[in-house]
Every structure is written in structure tokens, then in C-alpha cells.
Amino acid sequence: ARLQPAVVNISTTQRVQVSGGGNPFSGTPFEGLFGGQGGSGRPVTRQATSLGSGFIISPDGYIVTNNHVIAADRRGGGTVEATTVTMPDRKEYKARLVGRDQQSDLAVLKIEATNLPFVKFGDSTRTRVGDWVMAIGNPFGLGGTVTAGIVSALHRNTGSGGAYDRYIQTDASINQGNSGGPMFDL
């Protein structure tokens with residue numbers, strides 16, 4: 001009850017390039033069926049969205065999330081047009097990107113608001129394998145979800161060889177749309 005009001009939904013609106021609808025039967029005996037050649041095959045710009053969670057870390061509107069939640073779709077050469085933060089009471093704010101780190105998959109956003117509920121970072125050096133934890137998210141702006149688990153491992157190496165490759169692993173279920181949400185000890 002104390003932590004969930006600081007967990008927010010984050011969505012982006014993007015422009016991405018997609019294939020221009022070439023004939024899926026091209027080069028097959030069915031090429032002439034279903035309307036001939038189809039589209040031109042040239043890329044078409046479409047609007048796309050992404051969804052995730054984040055958490056407020058200061059009463060004046062700084063928010064932490066995962067970088068992949070607010071990043072443009074690399075496959076389609078996308079560009080992010082807008083980032084929206086939705087509070088648990090469904091109030092929406094436009095957010096600006098303050099900073100990001102792709103290697104650690106973290107990003108910091110800022111919204112223009114005051115007196116917001118916020119959470120503080122814990123001391124991860126005191127974390128032990130077997131500690132009970134909760135993961136809180138706000139998927140799809142429909143309200144929070146809470147899952148529980150234990151710390152499964154410390155200093156987990158993901159194989160990317162980055163400077164930050166020392167993660168806390170948990171078995172708490174992370175529901176779709178919960179990326180970027182916080183994990184708390186009990």
C-alpha cells in the first residue's frame with residue numbers, strides 16, 4: 001500500500017519503418033493469384049507504441065525505468081515521438097528523457113509535477129540469496145501488479161561482458177508490461 005502509488009505506467013509513441021506489403025507469394029506458383037504483385041515493396045512509416053513500468057524516485061518527478069521501455073524500435077529505424085507517464089490514479093504527464101545507459105538498461109525520465117509519492121533505493125550490498133522480494137509493476141496503465149519471490153542469485157553475469165554485469169536474479173514473476181518496475185525487499 002505504501003509503495004504501489006510510486007509505480008507508474010510508461011508508454012511511448014513511435015514512428016517505425018515497416019515493409020511495404022510486397023507479394024508474400026512472389027517467386028512461387030501462386031504469384032499471380034490474390035491480386036497480382038501486391039504493394040510496391042517500399043518501406044512505409046507506421047505509428048507504434050511501447051509499454052512498461054517505472055518508479056518515481058523524488059517528489060519533484062524523477063522516474064527510473066528500463067532503457068528498452070523508452071527506446072526506439074531498432075529493427076524499424078524508429079524514432080520516439082512522445083513518452084507518457086500514467087499515474088495509478090490515471091493522471092497523465094508528458095515525460096522528457098534526462099539520461100539513459102544502454103549497457104545497464106536504465107533510463108531516467110522527468111515529469112513536471114510536485115509532491116509525488118516516491119520510493120528510495122535500498123542497499124543492494126546487504127541483499128542475500130534467499131531474501132524474500134516483491135516486484136511491482138503498472139502494466140498497460142490498468143493498475144498495479146505485485147508478484148513475490150526470492151533472490152535466486154547475486155552478481156549474475158548475463159554474458160554481455162559489460163561493466164555492469166552483476167545483476168540480482170529473482171524468481172518473482174515479471175508480468176508483461178512490468179519491465180522497468182521496481183523490486184523491493186520485505
Side-chain angles (χ1 to χ4, degrees), residues 1-18 46-113 116-122 124 133-149 151-152 156 158-160 162 164-185:
R2 185 174 55 83
L3 302 171
Q4 205 164 18
V7 180
V8 298
N9 174 264
I10 298 174
S11 62
T12 65
T13 303
Q14 303 181 28
R15 291 275 174 206
V16 295
Q17 295 284 321
V18 295
R46 303 261 192 232
Q47 190 173 46
T49 59
S50 70
L51 288 172
S53 299
F55 54 103
I56 304 169
I57 59 168
S58 68
D60 59 343
Y62 284 92
I63 298 168
V64 173
T65 188
N66 285 133
N67 182 60
H68 74 266
V69 169
I70 54 95
D73 182 350
R74 288 186 221 139
R75 297 166 297 176
T79 56
V80 174
E81 293 183 330
T83 303
T84 303
V85 171
T86 305
M87 305 298 285
D89 66 2
R90 298 197 185 259
K91 187 170 184 178
E92 292 185 354
Y93 295 91
K94 293 296 176 199
R96 68 178 168 84
L97 179 64
V98 174
R100 65 171 16 134
D101 182 72
Q102 291 179 349
Q103 282 189 308
S104 63
D105 193 25
L106 290 175
V108 177
L109 304 173
K110 174 74 169 80
I111 60 174
E112 295 305 319
L116 295 171
F118 67 98
V119 295
K120 295 180 182 181
F121 284 103
S124 63
V133 292
M134 291 186 313
I136 301 179
N138 192 330
F140 313 115
L142 299 174
T145 64
V146 179
T147 58
V151 172
S152 303
R156 179 60 71 205
T158 62
S160 64
Y164 310 111
D165 216 0
R166 300 183 318 263
Y167 294 96
I168 298 171
Q169 179 182 343
T170 180
D171 69 346
S173 297
I174 306 300
N175 297 319
Q176 188 175 10
N178 279 14
S179 284
M183 182 173 71
F184 298 101
D185 64 10

**Asked** How far apart are the C-alpha atoms of Ile57 and Lys120, what are their side-chain angles, what is the distance that settles it, and do they pass the side-chain contact (heavy atoms from CB on, under 4.5 Å) test?
**Response** CA-CA 6 Å; Ile57 59 168; Lys120 295 180 182 181; over 6 Å; no
Could you tell me which non-hydrogen atom of [X] sits nearest to which non-hydrogen atom of [Y], and how far apart they are?
X: Ala95; Y: Ile111; value: CB-CG2, 3.8 Å
X: Pro117; Y: Pro5; value: CG-O, 3.4 Å
X: Ala135; Y: Ile174; value: CB-CD1, 3.8 Å
X: Pro88; Y: Val8; value: CD-CG1, 4.5 Å
X: Tyr93; Y: Met87; value: CE1-CG, 3.6 Å

Roughly how far, to the nearest 0.5 Å, is the [atom2] atom of [Y] from the [atom1] atom of [X]?
X: Tyr167; Y: Ser124; atom1: OH; atom2: OG; value: 12.5 Å
X: Phe55; Y: Gln4; atom1: CZ; atom2: CD; value: 14.5 Å
X: Asn67; Y: Arg100; atom1: CG; atom2: CZ; value: 4.5 Å
X: Leu109; Y: Ile70; atom1: CG; atom2: CD1; value: 6.0 Å
X: Arg156; Y: Ile168; atom1: CZ; atom2: CD1; value: 12.0 Å
X: Gln102; Y: Asn66; atom1: CD; atom2: CG; value: 12.5 Å

**Prompt:** Taking Asn178 as the fixed residue, which of Val146, Asn138, Thr145, Val7 is the one that meets the side chain to side chain contact (heavy atoms under 4.5 Å, CB included) rule?
**Reply:**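 Only one option passes, and that is Thr145.
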**Request:** List the steps, then state whether side-chain contact (heavy atoms from CB on, under 4.5 Å) holds for Glu81 with Thr12.
**Result:** CA-CA 7 Å; Glu81 293 183 330; Thr12 65; over 6 Å; no
**Request:** Measure the shortest side-chain to side-chain distance between Leu116 and Asp60 over non-hydrogen atoms and say whether it is less than 4.5 angstrom.
**Result:**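 They are not in contact (no side-chain heavy atoms under 4.5 Å apart), so the answer is no.
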**Asked** Do Val108 and Ile63 have side chains that get closer than 4.5 Å, going by heavy atoms?
**Response**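 Contact flag for Val108/Ile63 side chains = no.
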**Message:** Going by the rule side-chain contact (heavy atoms from CB on, under 4.5 Å), which residues pair with Thr84 if we only count those two or more places apart in sequence or in a different chain?
**Reply:**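 Here the qualifying residues are Ser11, Thr86, Glu92, Lys94.
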**Request:** Quick one: do Ile56 and Val119 satisfy side-chain contact (heavy atoms from CB on, under 4.5 Å)? Show the steps, please.
**Result:** CA-CA 6 Å; Ile56 304 169; Val119 295; over 6 Å; no
So, the side chain of [X] versus the backbone of [Y]: is there a donor-acceptor pair under 3.5 Å, distance only?
X: Thr170; Y: Ala172; value: yes
X: Asn9; Y: Gly52; value: yes
X: Ser53; Y: Gly177; value: yes

**Item:** For Asp105, all residues meeting side chain to side chain donor-acceptor pair (under 3.5 Å), sequence neighbours excluded
**Value:**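 Expected list: His68.
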**Item:** Chi angles and distances behind the side-chain contact (heavy atoms from CB on, under 4.5 Å) call for Phe184, Val133
**Value:** CA-CA 5 Å; Phe184 298 101; Val133 292; over 6 Å; no
